[in-house]
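Remarks on the structure that follows.
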Amino acid sequence: MTAILPATTKLDHAPVMIGVAADSGCGKSTFLRRVLGALGTDVKPGHTAIGDMLTVICLDDYHINDRAGRKATGQSALDARENDFALMGAQIEALKQGKAVYKPIYNHDTGFKDPPELIEPNKVFVVEGLHPIYDTKARSQLDMSLYIDIVNEVKFAWKVKRDVAERGWTEEQVQADIQKRLPDFAAYVDPQKADADVILRQAHPEDWRALPYDHAEEGAYPDRQQVWGDTEAVRHGLDG
Ligand SMILES: Nc1ncnc2c1ncn2[C@@H]1O[C@H](COP(=O)(O)OP(=O)(O)O)[C@@H](O)[C@H]1O
Ligand SMILES: O=C(COP(=O)(O)O)[C@H](O)[C@H](O)COP(=O)(O)O
């Protein structure tokens, strides 16, 4: 199957391309679901969130191996060798040029790769995941890059809660996985901060338990602004 092809949708301008990087459990998907919700456009049902003007692509789809394959290599999904940066860079470049792509899919529920899906042009693309700023080719296509930097205590609690509730793991399994992934986080994910245009941090991480967040309330959640209003944006590179 051709991975890059002419688009059926034509754009007047090149799309805006934004990268959002963070470790697992830092709230990337939650944050971007809220952005899509705030835009108020319809979102097509499917693996990738495609709204009327914004498409959010999850870069986990570029994992080379499925879960069993990673078990065989003994490498985590954070390891650069487990991610197809050549295809990721080529497809992000193609989307930026207004082309369509057949993007692979990694299915977190099954741990398998699903058949590729067609992604057509859109006005704005967000590419979110563990490594949007890691590789030069993908990074060079971005108009803006953002790194979400959440303290360990908070992100690990969020990850445990989500992976137990939504991905079928036990708390012990998630804790063990977190410990196993720590060196790869330091080697492959955290360094992207140096190249990010913007770093988002919680201003008061010690208060996180007081936040009235509940996944079940998604869609009818009254305090969205409040939660992310508690976030400090640190701008890099403006002072030279
Ligand atoms: N702003 C937030 N406030 C409170 N809890 C949050 C927030 N963002 C995310 N979470 C919690 O963290 C979990 C993981 O978030 P998610 O968006 O899936 O992370 P990522 O996509 O970075 O792996 C969510 O299921 C939710 O329980
Ligand atoms: O860490 C991530 C992304 O996580 P997130 O979606 O939380 O950002 C990897 O995609 C999974 O570890 C894949 O491995 P598995 O599916 O075996 O856990």
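Hydrogens, waters and symmetry mates are skipped; everything else that's a heavy atom, side chains included, is used. Remember, it's 1-based here, ligands and their atoms both numbered in the order they're listed.
- Backbone and side-chain nitrogen or oxygen atoms of E128 are examined, and none is located within less than 3.5 angstrom of a nitrogen or oxygen of ligand 1.
- Here the closest non-hydrogen pair linking T73 and E82 is OG1-OE2, 2.7 Å.
- Against a heavy-atom cut-off of under 4.0 Å, S29 is close to the following atoms of ligand 1: 17 (O), 18 (O), 20 (P), 21 (O).
- Put simply, no part of A22 is less than 4.0 Å from ligand 1, judged by heavy atoms.
- The shell of residues lying under 4.0 angstrom from ligand 1, judged by heavy atoms, includes R34.
- A ring-centre distance under 6.0 Å is found for F85 and Y134.
- At a 3.5 angstrom cut-off on N or O pairs, F31 does not count as close to ligand 1.
- Residues L182 and V189 fall into different hydrophobic clusters, defined by Ile, Leu, Val, Met, Phe, Trp and Tyr side chains chained together at heavy-atom separations under 4.5 Å.
- A donor and an acceptor atom, one from each side chain of Q91 and Y62, are located under 3.5 Å apart.
- For the pair R70 and D79, the salt-bridge criterion is not met [side-chain N within less than 4.0 Å of a carboxylate O].
- Under 4.0 angstrom from ligand 2, the non-hydrogen atoms of S24 come from both its backbone and its side chain.
- When all heavy atoms are compared, the tightest approach of C26 to K155 is SG-CD, 3.6 Å.
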Q: Take L59 and H131 through the test side chain to side chain contact (heavy atoms under 4.5 Å, CB included) and record every step on the way to the result.
A: CA-CA 7 Å; L59 297 180; H131 311 97; 5.7 Å; no

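- Contact annotation: for D177 versus ligand 2, there are no heavy atoms closer than 4.0 Å.
- A cation-pi arrangement is absent between K161 and F156, since the terminal nitrogen or guanidinium carbon is not both under 6.0 Å from the aromatic centre and inside a 45° cone about the axis.
- No side-chain N or O of H47 forms a donor-acceptor pair with one of D114 less than 3.5 Å apart.
- Looking at heavy atoms from C-beta onward, Y188 lies in side-chain contact with R81 at the 4.5 angstrom threshold.
- Looking only at side-chain heavy atoms (C-beta outward), S24 and R162 come within less than 4.5 Å of each other.
- Where the criterion is an N or O separation shorter than 3.5 Å, residue side chain and backbone included, K159 fails it with respect to ligand 1.
- Counting protein heavy atoms only, atom 6 (O) of ligand 2 is closest to R167 NH2, 3.0 Å.
- For atom 14 (O) of ligand 2, the nearest protein heavy atom (residue, atom name, distance) is R70 NH2, 2.9 Å.
- For ligand 1, the polar-atom distance check finds an N/O of T30 within less than 3.5 Å of one of the ligand's N/O atoms.
- Against a heavy-atom cut-off of under 4.0 Å, S24 is close to the following atoms of ligand 1: 23 (O).
- Near G27, the atoms of ligand 1 lying under 4.0 angstrom from a non-hydrogen atom of the residue are 8 (N), 9 (C), 15 (O), 16 (P), 17 (O), 19 (O), 20 (P), 22 (O).
- Ranking protein heavy atoms by distance to atom 9 (C) of ligand 2, first place goes to H63 NE2, 3.4 Å.
- The Y106 neighbourhood of ligand 2 comprises atoms 13 (C), 14 (O), 15 (P), 16 (O), 17 (O), with distances under 4.0 Å to a heavy atom of that residue.
- Below 4.0 Å from some heavy atom of D60 lie the following atoms of ligand 2, by number and element: 3 (C), 4 (O), 5 (P), 6 (O), 10 (O).
- T55 and N122 share a side-chain donor-acceptor pair at under 3.5 Å.
- Contacts between K161 and ligand 1 below 4.0 angstrom, taking non-hydrogen atoms only, involve the side chain exclusively.
- When non-hydrogen atoms are compared, ligand 2 lies under 4.0 Å from neither the backbone nor the side chain of K159.
- Proximity to K28 (heavy-atom distance under 4.0 Å) selects the following atoms of ligand 2: 8 (O).
- At a 3.5 angstrom cut-off on N or O pairs, K28 counts as close to ligand 1.
- Protein heavy atom at the shortest distance from atom 12 (O) of ligand 2 is R181 NH1, 2.6 Å.
- Distances below 4.0 Å separate heavy atoms of R67 from the following atoms of ligand 2: 15 (P), 16 (O), 17 (O).
- Ion pairing between D149 and K193 holds under the 4.0 Å rule for side-chain N and carboxylate O.
- K137 and D135 are not joined by a salt bridge, as no carboxylate oxygen comes within less than 4.0 angstrom of a charged side-chain nitrogen.
- Assignment of D23 to the shell around ligand 1 is supported, since a heavy atom sits closer than 4.0 Å.
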